[in-house]
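Reviewing the structure listed below.
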Amino acid sequence: MDLDERLSPVLAAAAADADAADAEGRFPAPAVEALRASGLLGLVLPEANGGLGAGPVEFVDVTARLAAACGSTAMVYLMHVSAGAVVATAPPPGLPRVVDDLASDGALGTLAFSERGSRSHFWAPVSRAIPTGADTVQVKASKGWVTSAAHADVFVLSCLAPDDQHATDTNLYALCSEDNGLTVSAPWVGLGLRANDSSPMELDVVISEDRRLGARGEGFRLMMEIVLPWFSLGNAAVSIGLSRAAIDAAIAHVTATRFEHLDSALADLPTIRARLARAAIELESIDAYVHDTAARVAAGDPDVTLAVLGVKAAANDAALRVTDEAMRVCGGAAFSKHLAIERAFRDARAGHVMAPTADALYDFYGRALCGLDLF
Ligand SMILES: Cc1cc2nc3c(=O)[nH]c(=O)nc-3n(C[C@H](O)[C@H](O)[C@H](O)COP(=O)(O)OP(=O)(O)OC[C@H]3O[C@@H](n4cnc5c(N)ncnc54)[C@H](O)[C@@H]3O)c2cc1C
């Protein structure tokens, strides 16, 4: 089965439910069920684990198309893929089936990184693993946002390693939803991405050390080398999909809507055409940048670091401008739900605040340009 065949029923389910899920702030269960049935939860996971063994380019395509149908579903998918990629890179010995579960048995993954204490600086958790026995640690953590919080099966948790010397001496652990001590502490009520259940969680867990991903203190490296490229590309793809949905809806509106007294369409106004043109050109430029970066990551290009830092910020900020233009050319009509532009507009506001935030990425990029240490 090719990717289009797998994706088609997911897009249908996501598009059919997107407005209602957004209005109700409800998890997009029909779309996530369709994702489970499609095999796409295992898109980038190894074939040996039942995954599809695809790479970053396919991931960007699938995520952007999902976002055009339902931004919340795309964000749920992106967090699952980011979690799955790092778990598959450093499988925890204490959960020998977890990669298979994430790849082909319908388990949904997510990242529990951002903390109240260090906010968007996800690379520097303030929670700490405290040894409680020869092979166990206790972690108490206030995680500020966890996408799919009440719906995920596997959580990748970050915390400081027990014997840390530095704020980035981090451990990652895999937790399961049935583990004791995971509490969703408040409902998610967002401006945008209202259906992805990005709720705060309080964790007070005793974890066996064999749930750790990689060696002790290796969490920071795994975050930077594995999670960051997948998350940045996927988050950029969400921005692209939302932008494309907004432009397509705007074109449909301005070409169909008429001034009867002038016998002309909105699209007959040169200002409207120029605004759409600028937005479409910006989208195509960003799309090319993101696809080029995905291809370079797939090819193992050792010089791709700057592009990985750049794509998320560039796509997030482009989505702010593009969805804003789509709202503007559609006038007051864009405020109503029937054009499906205001949902893309609201959803697009989330990209740049998701860590690493766009402004933090510009600083990292500038540091890299100037030959300074990133951290
Ligand atoms: C819809 C949604 C879903 C999310 N899902 C998850 C999830 O699944 N898992 C998870 O771990 N987290 C998740 N997050 C959290 C997210 O990744 C960020 O940590 C969070 O949005 C940061 O918000 P804050 O108020 O703490 O930002 P703050 O850290 O308070 O930042 C405030 C402002 O300061 C700027 N700033 C901060 N540091 C710097 C810097 N070094 N340089 C330049 N500017 C800087 C920021 O860009 C921002 O403009 C989610 C967030 C949202 C909105």
Side-chain angles (χ1 to χ4, degrees), residues 21-22 25 27-28 67 70-86 108-127 141-159 167-168 170 172-173 175 177 182 184-203 219 222-223 227-228 230-232 234-236 238-239 242 309 312-313 316-317 319-320 343-344 346-368 372-375:
D22 171 69
F27 195 69
C70 174
S72 288
T73 301
M75 190 57 67
V76 167
Y77 185 65
L78 151 65
M79 301 314 279
H80 167 84
V81 170
S82 302
V86 71
L108 189 66
T110 193
L111 301 173
F113 284 1
S114 302
E115 301 197 346
R116 286 191 202 287
S118 47
R119 306 188 68 79
S120 59
H121 297 190
F122 72 90
W123 54 87
V126 296
S127 65
S142 292
K143 297 290 179 179
W145 291 261
V146 181
T147 292
S148 311
H151 303 269
D153 305 290
V154 177
F155 300 79
V156 178
L157 159 74
S158 59
C159 58
T168 54
T170 309
L172 298 183
Y173 294 96
L175 301 180
S177 52
L182 283 68
V184 176
S185 45
W188 165 242
V189 184
L191 168 75
L193 296 180
R194 288 172 41 77
N196 73 355
D197 191 19
S198 292
S199 304
M201 290 187 77
E202 291 296 322
L203 307 181
L222 291 169
M223 283 181 178
V227 178
L228 186 63
W230 288 107
F231 178 77
S232 296
N235 195 286
V238 173
S239 289
L242 293 170
L309 293 175
K312 175 181 176 289
N316 294 159
D317 278 347
L320 295 182
R343 175 162 54 80
R346 286 185 286 106
D347 287 355
R349 311 290 108 181
H352 77 101
V353 302
M354 293 188 73
T357 68
D359 285 343
L361 284 165
Y362 292 131
D363 186 44
F364 288 146
Y365 199 105
R367 283 173 170 273
L372 302 172
D373 285 342
L374 261 55
F375 293 93

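Predicted model, so just to flag it, every value in this text is computed and none were measured. Whatever order the structure lists ligands and atoms in, that order sets their numbers, starting from 1.
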Please report the shortest heavy-atom distance between Thr357 and Ser120, naming the atom on each side.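 Closest pair (atom of Thr357, atom of Ser120, distance): CG2-CB, 3.7 Å.
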
Distance-only, no hydrogens or angles: does the Asp347 side chain make a donor-acceptor pair with backbone N or O of Gly192 under 3.5 Å? no

Looking at Arg367 and Asp373, would you say the former's side chain and the latter's main chain have a donor-acceptor pair under 3.5 Å? yes

Short N or O separations between ligand 1 and the protein, below 3.5 Å:
unit_1	atom_1	unit_2	atom_2	d
ligand 1	5 (N)	Thr147	OG1	2.8
ligand 1	8 (O)	Leu111	O	3.4
ligand 1	8 (O)	Thr147	N	2.8
ligand 1	8 (O)	Thr147	OG1	3.2
ligand 1	9 (N)	Leu111	O	2.8
ligand 1	9 (N)	Trp145	O	3.2
ligand 1	11 (O)	Phe113	N	2.9
ligand 1	11 (O)	Ser114	N	2.7
ligand 1	11 (O)	Ser114	OG	3.2
ligand 1	12 (N)	Ser114	OG	2.9
ligand 1	12 (N)	Trp145	O	3.3
ligand 1	17 (O)	Ser114	OG	3.4
ligand 1	17 (O)	Ala355	N	2.8
ligand 1	19 (O)	Ser114	OG	2.8
ligand 1	21 (O)	Val353	O	2.8
ligand 1	25 (O)	Arg119	NH2	3.1
ligand 1	26 (O)	Arg119	NE	3.4
ligand 1	29 (O)	Ser120	N	3.1
ligand 1	29 (O)	Ser120	OG	2.6
ligand 1	30 (O)	Arg119	NE	2.7
ligand 1	38 (N)	His121	NE2	2.8
ligand 1	47 (O)	Thr357	OG1	2.7

Any chance the side chains of Lys312 and Ser239 put a donor and an acceptor closer than 3.5 Å? no

Return the orientation label for the Phe375 and Phe364 ring planes: parallel under 30°, perpendicular over 60°, tilted otherwise.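 Rings of Phe375 and Phe364: tilted, as their planes differ by 30° to 60°.
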
Under 3.5 Å, which donor-acceptor pairs link side chains of residues 75-84 to any protein atom two or more places apart or in another chain?
unit_1	atom_1	unit_2	atom_2	d
Tyr77	OH	Leu40	O	2.7
His80	ND1	Gly109	N	2.9
His80	NE2	Leu41	O	2.8
His80	NE2	Leu102	O	3.4
Ser82	OG	Leu78	O	2.9

